[in-house]
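Each chain gets a letter, A, B and so on, in the order its sequence line appears, and its residues count up from 1.
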Number of protein chains: 2
Amino acid sequence: MKRDSRLSLVLHALLHMAERDDPMTSDDLATCLMTNPVVVRRTMAFLREAGIVASARGHAGGWRITADLSTVSLRQLHDALGEPAIFAVGHRNAAPACLVEQAVNAALDQTFAEAEALLLARFGEITLADLSADFALRYAALVQQKEP
Amino acid sequence: MKRDSRLSLVLHALLHMAERDDPMTSDDLATCLMTNPVVVRRTMAFLREAGIVASARGHAGGWRITADLSTVSLRQLHDALGEPAIFAVGHRNAAPACLVEQAVNAALDQTFAEAEALLLARFGEITLADLSADFALRYAALVQQKEP
DNA sequence: TTTCATGTAACTTTAATAGTTATGATTCGG
DNA sequence: CCGAATCATAACTATTAAAGTTACATGAAA
């Protein structure tokens, strides 16, 4: 399978939307994200289901954020996207009859579970407001660099 | 992409080999692992490159372990397999020009790096001898259950 | 009513492993 | 030395889920 970059995509989209007051169309976002508007709609639809964004059709329509940036964590976004599988590596059979394979699975499963728990805990600590602040810092640094 | 189960496959194979003194053929292993002998050869070849197993052709040929079980960690096996990508999730561009995307990547990359470090550290602590001992426990438990 | 925008179905493309088929190259027993 | 056993490897196909594309329907507003 291809690498799942939907979390990255929605973060990128949300931060661009956060920099504006007006709604952004799927076409606008697709240009920012260098992808296709249908991919934007399809992916953002998960966030709409979760109540994080709203979409409107017709003139002056598009996507806008309905949640407070400081209350939306990466964990919530991951969950909104349907909690996709995090690991590209794993065991072959979920419930093997072979005792050897059971021992292998037990070791791998426990280790992957620990890493996943750490990852999701960190995701729970990072909000859109944090990313937005980080972007502001990067932007200020760029401006200062160009105008010393 | 399909899930990468090569680490699982080689662990399963190595533990079966550890239970025997004679070499096991690719066909034997393929039967144990419920897969194809060519898959076994292709995957075990990485471990041969790393000096963990040896293969012999012709009569009485096959695969045997050349390393001490207590010195081979899951981390070494992961490395021997070419350090395949662990995560099915990730960012879209490694070095984006967009500052927003840079902020997104920074947050994701750091979090994934932490989780990967934990995973690899745990893999470094687990040896084939550990898994073999776990299998022995499971086997003893099964025997006791059947002959109370 | 025309235009702008989302909603969505249906399809192709992508990328990497898993699985299969076929053939060549060794090794050993007889 | 011949033939069976076994690995080595190339060249395919199958699998899988996301990404991307095309096409058209739906709804809102000027």
Query raised in the report: Which of these nucleotides, dG7(C), dA8(D), dT6(D), is closest to any side-chain atom of Trp63(A)?
Result: dG7(C)
**Report entry** Crowding at CZ, Arg64(B) (>12 non-hydrogen neighbours, <6.0 Å)
**Finding:** no
**Report entry** Check: dT17(C) base within 3.5 Å donor-acceptor of Arg3(A) side chain
**Finding:** no
Report task. Assess the side chains of Asp28(B) and Thr31(B): does a donor N or O sit below 3.5 Å from an acceptor N or O? Result -> no
Query raised in the report: So do the side chains of Cys98(B) and Met34(A) get within less than 4.5 Å of each other, counting heavy atoms only?
Result: no
**Report entry** Asn93(A) CG - dA18(C) P separation (whole Å)
**Finding:** 12 Å
Requested in this report: Please list all pairs passing the ring pair (Phe, Tyr, Trp, His ring centres under 6.0 Å) test where one or both residues lie in residues 21-73 of chain B, with sequence neighbours left out.
Outcome: none
Report task. Could you list who else is in Leu118(A)'s hydrophobic cluster, with ILVMFWY side chains joined at under 4.5 Å, directly or through other members? Result -> Leu118(B)
Report summary line: Against the side chain of Lys2(B), the closest entry in dA18(C), dT6(C), dA10(C) is dA18(C)
Query - Which nucleotide in dA11(D), dT22(D), dA19(D) has an atom nearest any side-chain atom of Arg42(B) - result: dA11(D)
Just distance, no hydrogens or angles: give the donor-acceptor pairs under 3.5 Å from side chains in residues 77-84 of chain B, sequence neighbours left out.
unit_1   : atom_1 : unit_2   : atom_2 : d
Asp79(B) : OD1    : Arg75(B) : NE     : 3.4
Asp79(B) : OD2    : Arg75(B) : NE     : 3.4

Requested in this report: Apply side chain to side chain donor-acceptor pair (under 3.5 Å) to Thr66(B) and list each qualifying residue two or more places apart in sequence or on a separate chain.
Outcome: none
Requested in this report: Scan nucleotides 22-30 of chain C nucleotide by nucleotide, 5' to 3', and note B when protein non-hydrogen atoms come under 4.0 Å of the base, S if they reach only the sugar-phosphate, - if neither.
Outcome: --BBSBB--
Report summary line: Residues at least two apart in sequence or cross-chain that pass side chain to side chain donor-acceptor pair (under 3.5 Å) with Arg41(A), listed by chain then number, are Ser26(A)
Report summary line: Within residues 27-34 of chain A, those residues having any heavy atom closer than 4.0 Å to DNA chain D are none
Report summary line: The complete set of salt bridge (Lys or Arg N to Asp or Glu O under 4.0 Å) pairs with one or both residues in residues 104-127 of chain B, sequence neighbours excluded, reads Glu114(A)-Arg122(B), Arg122(A)-Glu114(B), Arg122(B)-Glu125(B)
Requested in this report: Starting from P on dA19(D), measure out to CZ on Arg92(B) and report it in whole angstrom.
Outcome: 8 Å
**Report entry** Side chains of Thr127(B) and Val72(B) in contact at under 4.5 Å (non-hydrogen atoms)
**Finding:** no
Query raised in the report: Which ones in residues 4-15 of chain A lie close to DNA chain C, meaning a heavy atom under 4.0 Å from one of its atoms?
Result: none
Report summary line: Asn36(B) meets the side chain to side chain donor-acceptor pair (under 3.5 Å) criterion, sequence neighbours left out, with none
Query raised in the report: Which residue pairs satisfy the ring pair (Phe, Tyr, Trp, His ring centres under 6.0 Å) criterion with at least one member in residues 5-44 of chain B, sequence neighbours excluded?
Result: His12(B)-His16(B)
Query raised in the report: Of all of residues 45-56 of chain A, which get a heavy atom below 4.0 angstrom from DNA chain C, listed by number?
Result: Arg48(A), Ser55(A), Ala56(A)
Query raised in the report: To the nearest angstrom, how far is Asn36(A) atom CG from dT6(C) atom P?
Result: 12 Å
Query - Test item: side-chain donor near acceptor, Ser55(B) and Arg48(B), under 3.5 Å - result: yes
Query - Note, Asp4(A) side chain near Phe87(B) side chain (heavy atom, < 4.5 Å) - result: no
Requested in this report: In whole angstrom, give the distance that lies between atom CZ of Arg64(A) and atom P of dT6(C).
Outcome: 13 Å
Query raised in the report: Distance check: side-chain N/O of Thr25(B) vs OP1/OP2 of dT6(D), anything under 4.0 Å?
Result: no
Query raised in the report: Taking only side-chain nitrogens and oxygens of Thr35(A), does any of them come within less than 4.0 Å of OP1 or OP2 of dG20(D)?
Result: yes
